[in-house]
Amino acid sequence: MSRTRTTTRLLGAAVSFVLVAAACGSDEPVAEEIPVEQAPAEEAPAEEAVSPGVAEAEALVAAASEPVTFAAPAGVGALDLDALDGKKVAIVSLVQAVPIVLQWEEEMTTAFEGSGVEVTSFDGKFDPNEWGRGIEQAIADKADLIFLLGIPAVAVAPQVADAKAAGIPIMTSLQGTPGKTVLDVPDLTADVGFDYRIPGEMIAQWFVADSRGAGNALILSSDDNTSSPDVWGAMEAEIDRLCPECTYTREDSTVPEWGDGTLQARTKSLMQADPSITHVLAVFDAMTLAIEPALVELELDDTVRVAGFNGTPAVMANVQAGTAVKMDVGNPNMWFSAGAVDAVFSVLSGGDPIEDSGVPFRIFTEGNMGDIDTSKEDPVDWYGIDPLAEYRALWAIGS
């Protein structure tokens with residue numbers, strides 16, 4: 001929408017005087033003031049109006065930028081530590097080289113402390129053969145439960161069946177929205193995670209607000225993760241709802257491509273093919289570590305704006321520093337990690353796991369980050385809560 005400008009007529013500040021002959025026979029001239037029209041005051045430009053969708057997006061982003069609160073999931077209670085003592089849990093990770101996966105693994109190990117449960121970990125190296133080997137090793141070690149951290153169960157269905165045949169419960173995690181995403185692996189005990197649609201909606205809301213309803217987004221998905229469609233599907237639906245005038249395209253990139261140079265090269269190619277792109281929206285924020293260098297190389301890091309989801313320290317540091325990565329949706333990862341451990345405790349105790357512990361999300365931008373320490377996630381500093389302390393109180397560990 002164009003702004004209307006008001007042009008001021010400048011007539012000068014000085015007053016003109018004309019000498020005329022005085023009446024009543026006087027010989028002295030007198031000065032007669034001729035009134036001059038005053039220049040009107042310059043009008044301030046009118047506030048640019050925005051569409052209802054943009055206004056709603058702005059309000060949603062403002063609300064999502066505030067600290068979160070802890071709400072205890074229904075069903076979490078004190079543990080029977082005697083029953084848990086000596087139980088063995090094997091964590092098989094998707095790939096420890098991805099920072100957020102390693103963070104979850106480390107946080108889960110911390111959350112187990114004080115319970116008497118023995119924990120081992122196995123790096124799956126983003127290799128289905130390694131995932132299967134990790135499961136078979138846990139079976140041979142007579143684990144009491146196997147927890148697949150980020151591993152798609154369908155890729156290891158034979159080994160999942162082997163675990164069930166051995167009487168070992170086997171759970172996966174973060175494969176999509178609990179209760180919505182169908183994994184179709186009958187031998188699986190549970191899939192623990194959170195609602196991946198929420199961060200997708202938040203990224204879309206930020207894009208609409210940040211572009212003032214005039215953006216063209218490149219959405220980068222990673223559909224070798226079964227949760228990726230939940231993120232970008234919600235993203236596209238929310239853009240369509242709030243901003244029919246906005247445009248977007250979507251391209252996919254696998255996890256190995258994030259770090260081997262492929263995603264960086266693809267980002268360059270896509271940006272060169274469409275110079276009208278204003279925003280790059282990544283389903284996972286580790287992808288931005290390849291996207292941002294591509295924009296720097298093209299000298300577009302001051303004009304194209306990037307967003308992602310996960311709240312990992314390296315990406316949060318880029319947001320805080322004012323790089324091309326302008327926004328990151330984060331969630332208290334310790335909340336997920338402690339919730340996953342609670343699900344394990346429930347299964348080890350013969351109960352039903354809570355698959356969705358209600359993890360909340362927060363939008364981070366340079367404007368609300370202040371001087372928080374981005375070297376490592378601190379849930380109190382970043383989100384205003386301490387999920388592990390809250391769970392420990394519910395479990396009655398250390399009390």
Side-chain angles (χ1 to χ4, degrees), residues 73 75-77 79-96 101 104-105 108-109 111-112 115-194 196 224-230 255 336-357:
V76 180
L79 302 175
D80 182 352
L81 297 179
D82 290 336
L84 294 175
D85 191 39
K87 296 287 188 181
K88 296 193 297 184
V89 172
I91 300 175
V92 182
S93 293
L94 176 78
V95 50
Q96 292 177 347
V101 179
W104 286 326
E105 181 182 299
M108 286 184 67
T109 301
F112 276 113
S115 68
V117 174
E118 299 175 17
V119 183
T120 60
S121 61
F122 184 95
D123 183 4
K125 301 177 182 177
F126 205 77
D127 181 345
N129 293 321
E130 286 297 296
W131 302 338
R133 191 167 72 86
I135 295 170
E136 295 296 350
Q137 180 175 305
I139 295 171
D141 291 342
K142 300 187 183 303
D144 293 291
L145 184 143
I146 301 170
F147 189 93
L148 306 181
L149 185 52
I151 293 174
V154 68
V156 287
Q159 290 83 8
V160 171
D162 289 344
K164 183 176 182 180
I168 302 173
I170 182 165
M171 306 165 62
T172 193
S173 57
L174 303 162
Q175 297 307 295
T177 301
K180 174 183 180 293
T181 306
V182 178
L183 302 184
D184 199 23
V185 183
D187 296 316
L188 195 67
T189 302
D191 175 48
V192 180
F194 40 68
Y196 276 92
D224 52 349
N225 292 266
T226 54
S227 55
S228 171
D230 279 0
V255 173
F336 158 73
S337 302
V341 170
D342 178 75
V344 170
F345 287 152
S346 294
V347 173
L348 290 177
S349 302
D352 295 324
I354 299 171
E355 295 186 83
D356 185 350
S357 59

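Values reported hereafter were calculated over all heavy atoms of this structure, with side chains retained and with hydrogens, waters and symmetry mates removed.
A salt bridge is absent between R133 and E136: the closest approach of a Lys/Arg side-chain nitrogen to an acidic carboxylate oxygen does not fall below 4.0 angstrom.
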Check step by step if side-chain hydrogen bond (donor to acceptor under 3.5 Å, both in side chains) holds for Q96 and E105. CA-CA 8 Å; Q96 292 177 347; E105 181 182 299; 3.0 Å; yes
Please lay out, stage by stage, how M171 and D191 fare under the test side chain to side chain contact (heavy atoms under 4.5 Å, CB included). CA-CA 6 Å; M171 306 165 62; D191 175 48; over 6 Å; no
Given side chain to side chain contact (heavy atoms under 4.5 Å, CB included), test W131 with Q159 step by step and report yes or no. CA-CA 9 Å; W131 302 338; Q159 290 83 8; over 6 Å; no
Side chain to side chain contact (heavy atoms under 4.5 Å, CB included), that's the test. Do T120 and K88 meet it? Break it down for me. CA-CA 8 Å; T120 60; K88 296 193 297 184; over 6 Å; no
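Judged by distance alone, with hydrogens and angles left aside, the side-chain atoms of D123 form a donor-acceptor pair with the main-chain N or O of K125 at under 3.5 Å. The main-chain N or O of N129 is found under 3.5 Å from a side-chain atom of D127 such that the two form a donor-acceptor pair. With hydrogens and angles disregarded, no donor-acceptor distance shorter than 3.5 Å links the side chain of S173 to the backbone of F147. No side-chain donor-acceptor contact under 3.5 Å links S349 to the backbone of G351. Between the side chain of S93 and the backbone N or O of L149, no donor-acceptor pair lies under 3.5 Å. Counting only distance, with no hydrogens or angles, the side chain of T172 and the backbone of P152 share no donor-acceptor pair below 3.5 Å. The closest donor-acceptor contact from the side chain of S121 to the backbone of I91 lies at 3.5 Å or more, if one exists at all. S228 places no side-chain N or O within donor-acceptor distance of the main-chain N or O of D224, the cut-off being under 3.5 Å.
A search for ring-ring contact (aromatic ring centres under 6.0 Å, His included) contacts involving F112 returns F345, not counting sequence neighbours. Scored by the side chain to side chain contact (heavy atoms under 4.5 Å, CB included) test, S337 finds W104, E107, M108, M334 as partners (sequence neighbours excluded). Partners of D85 according to the side chain to side chain contact (heavy atoms under 4.5 Å, CB included) rule, which considers only residues two or more places apart in sequence or in another chain, do not exist here.
In plain terms, the two heavy atoms of V160 and I170 that are nearest each other are CG1-CG2, 3.6 Å.
No hydrogens or angles considered: a donor-acceptor pair under 3.5 Å links the side chains of D230 and T177.
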